[in-house]
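Numbered from 1 within each chain, the chains take letters A, B, ... in sequence-line order.
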2 protein chains.
Amino acid sequence: MTPATEASPADRLWTVGELADELGITTRTLRFYEAEGLITPSRAGSARVYDHRDRARLRLILRGKRFGMSLSEIREIVGMYDGAASSERRQLETLLARLGEITADLRARERDLARTLSEVDEVAARCQQRLDQLP
Amino acid sequence: MTPATEASPADRLWTVGELADELGITTRTLRFYEAEGLITPSRAGSARVYDHRDRARLRLILRGKRFGMSLSEIREIVGMYDGAASSERRQLETLLARLGEITADLRARERDLARTLSEVDEVAARCQQRLDQLP
DNA sequence: CTTAACGTTGACGTAAACGTCAACCCTGCT
DNA sequence: AGCAGGGTTGACGTTTACGTCAACGTTAAG
């Protein structure tokens with residue numbers, strides 16, 4: 001049984017237009033991300049061809065954007081997926097250190113988000129309270 | 001005993017420069033936020049004077065920015081602090097509904113952030129595993 | 001009294017992340 | 001043959017969130 005998130009087979013391929021539609025973005029955005037070095041789809045002649053790994057990478061990118069990561073931060077992270085396969089100790093060590101920094105940064109954002117959420121809840125509570133006091 | 005987050009008395013006042021320094025931003029940013037209707041400090045002649053409520057509002061704004069809220073989204077939320085004191089049922093109801101939408105949006109971002117965090121953790125784990133396999 | 005260190009407004013510049021053409025090339029109908 | 005509907009690469013426009021002057025006013029010190 002294939003998981004619900006994987007409606008399409010693992011060997012499915014997409015054109016720019018198809019993938020853009022599925023991800024809810026424009027083809028311009030896909031081309032822009034490619035120009036920025038975030039993805040590198042293969043080509044059929046001059047036409048871009050995206051596979052399931054490109055798609056997964058894109059979903060990671062879009063998720064990052066939703067909570068405020070810049071494209072250059074995202075580029076660094078997606079680049080690490082490749083770097084983690086290295087066999088040079090030095091590189092693995094600096095990579096691991098950087099990953100620690102990134103994790104700390106993300107946790108800080110998580111706290112900021114949680115605090116904002118609780119403040120919004122407070123406003124809602126005050127709002128509800130006012131409503132209850134009305135005739 | 002005053003809380004640690006409140007090193008300064010409740011009646012303290014700040015100039016633009018002082019507050020900018022304390023918040024780690026520039027005076028330009030403070031003026032920009034004012035022009036955008038996010039804050040409205042009082043004036044001493046033509047000079048801006050910020051009190052502890054302005055400061056709290058600013059900290060809320062900056063927190064929002066850190067996880068990707070736009071200034072217009074933030075403006076809407078800070079504006080609700082005032083609207084929640086309304087006494088018109090209609091307004092309180094629409095406000096409460098909007099607060100629900102905002103909460104849902106923030107929770108979605110929270111999920112995106114959590115998923116990204118766990119993916120980063122996975123990369124770190126793979127990285128560590130590679131390191132352990134080295135001589 | 002003037003100079004330094006703050007403040008003010010106004011105008012223009014800039015980086016990021018795309019949007020919006022234009023001009024072109026394939027491909028599959030009809 | 002022709003044309004609609006995809007794809008391609010430029011190139012320039014736009015919005016957001018400020019940065020960066022310029023020209024000016026106002027205390028505070030020497």
Side-chain angles (χ1 to χ4, degrees), chain A residues 12-51 54-55 57-79 102 105 109 112 116, chain B residues 12-51 54-55 57-79 102 105 109 112 116:
Chain A
R12 159 138 196 216
L13 300 176
W14 289 263
T15 68
V16 253
E18 290 169 347
L19 192 56
D21 280 359
E22 197 190 307
L23 296 177
I25 59 182
T26 68
T27 62
R28 178 67 178 93
T29 299
L30 284 174
R31 281 192 278 265
F32 179 71
Y33 288 172
E34 183 175 352
E36 291 296 303
L38 290 170
I39 36 168
T40 313
S42 48
R43 300 283 183 131
S46 70
R48 292 167 176 81
V49 175
Y50 298 85
D51 63 15
D54 296 319
R55 180 171 165 276
R57 207 175 172 105
L58 257 317
R59 286 164 68 95
L60 176 61
I61 293 170
L62 296 177
R63 226 182 296 132
K65 286 221 60 192
R66 272 177 231 127
F67 59 85
M69 292 184 68
S70 72
L71 290 188
S72 56
E73 292 173 318
I74 293 174
R75 172 173 39 221
E76 195 191 355
I77 294 187
V78 298
I102 290 175
D105 173 86
R109 297 190 198 212
D112 286 331
T116 299
Chain B
R12 158 137 198 221
L13 300 177
W14 291 262
T15 68
V16 252
E18 290 168 347
L19 192 55
D21 281 359
E22 197 190 307
L23 297 177
I25 58 180
T26 68
T27 62
R28 177 68 178 94
T29 300
L30 284 174
R31 281 192 279 267
F32 179 70
Y33 287 173
E34 182 174 352
E36 291 295 303
L38 290 170
I39 37 168
T40 314
S42 48
R43 300 283 183 131
S46 70
R48 293 168 176 80
V49 174
Y50 298 85
D51 63 14
D54 295 319
R55 178 171 165 279
R57 208 175 170 106
L58 257 317
R59 287 164 67 95
L60 175 61
I61 293 170
L62 296 177
R63 228 182 295 130
K65 285 220 62 191
R66 273 178 232 126
F67 59 83
M69 291 184 67
S70 71
L71 290 188
S72 56
E73 291 173 320
I74 293 175
R75 172 174 38 221
E76 194 190 355
I77 293 188
V78 297
I102 290 174
D105 173 84
R109 296 190 198 214
D112 286 332
T116 300

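- To the nearest angstrom, P of D/dA17 lies 8 Å from CD of B/Glu36.
- Closest contact between the side chain of B/Val16 and the listed nucleotides C/dT20, D/dT8, C/dG7 involves C/dG7.
- Regarding contacts with the backbone of C/dA17, every side-chain N or O of A/Thr29 stays at 4.0 angstrom or more from both OP1 and OP2.
- Under 4.0 angstrom from either OP1 or OP2 of D/dA17 there lies no side-chain N or O belonging to B/Tyr33.
- B/Arg48 comes within 4.0 angstrom of sugar-phosphate atoms only, judged by non-hydrogen atoms across all strands, and of no base.
- Taking all atoms of both residues into account, the shortest heavy-atom contact from B/Pro41 to B/Asp54 is CA-OD2, 3.9 Å.
- In this structure, B/Lys65 atom NZ and C/dA16 atom P are separated by 14 Å, rounded to whole Å.
- A distance of 12.5 Å separates NZ of A/Lys65 from CG of B/Asp112, quoted to the nearest 0.5 Å.
- For the pair B/Arg75 CZ and D/dA17 P, the interatomic distance rounds to 9 Å; values are reported in whole Å.
- Annotation: of the two residues near DNA chain D, B/Ser70 and A/Ala47, the 5′-most nearest-nucleotide partner is A/Ala47.
- One can place CD of A/Glu34 at 8 Å from P of D/dT8, the figure rounded to the nearest angstrom.
- One donor-acceptor pair, N or O on each side, does fall under 3.5 Å between the base of C/dT20 and the side chain of A/Arg28.
- In this structure, A/Leu30 atom CG and D/dG7 atom C1' are separated by 13 Å, rounded to whole Å.
- Counting only distance, with no hydrogens or angles, the side chain of A/Arg75 and the backbone of A/Glu36 share a donor-acceptor pair below 3.5 Å.
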- side-chain contact (heavy atoms from CB on, under 4.5 Å) between A/Glu22 and A/Arg55: does it pass, once the steps are laid out? CA-CA 10 Å; A/Glu22 197 190 307; A/Arg55 180 171 165 276; 2.6 Å; yes
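- Straight-line distance from the CD atom of A/Glu73 to the P atom of C/dA15: 18 Å, rounded to whole Å.
- Using a 4.0 Å heavy-atom distance criterion, B/Thr27 is classed as making no nucleic acid contact.
- Distance A/Leu58 CG to C/dA17 C1': 15 Å, rounded to the nearest Å.
- Considering only side-chain atoms of A/Arg43, the nucleotide from D/dC18, D/dG7, D/dT9 that sits closest is D/dT9.
- In plain terms, the two heavy atoms of B/Tyr33 and B/Leu71 that are nearest each other are CE2-CD1, 3.7 Å.
- Summarising the geometry, the separation between CZ on A/Arg31 and P on D/dG10 is reported as 12 Å, rounded to the nearest angstrom.
- Applying the 4.0 Å criterion to OP1 and OP2 of D/dT9, one finds that A/Ser46 has every side-chain N and O outside that range.
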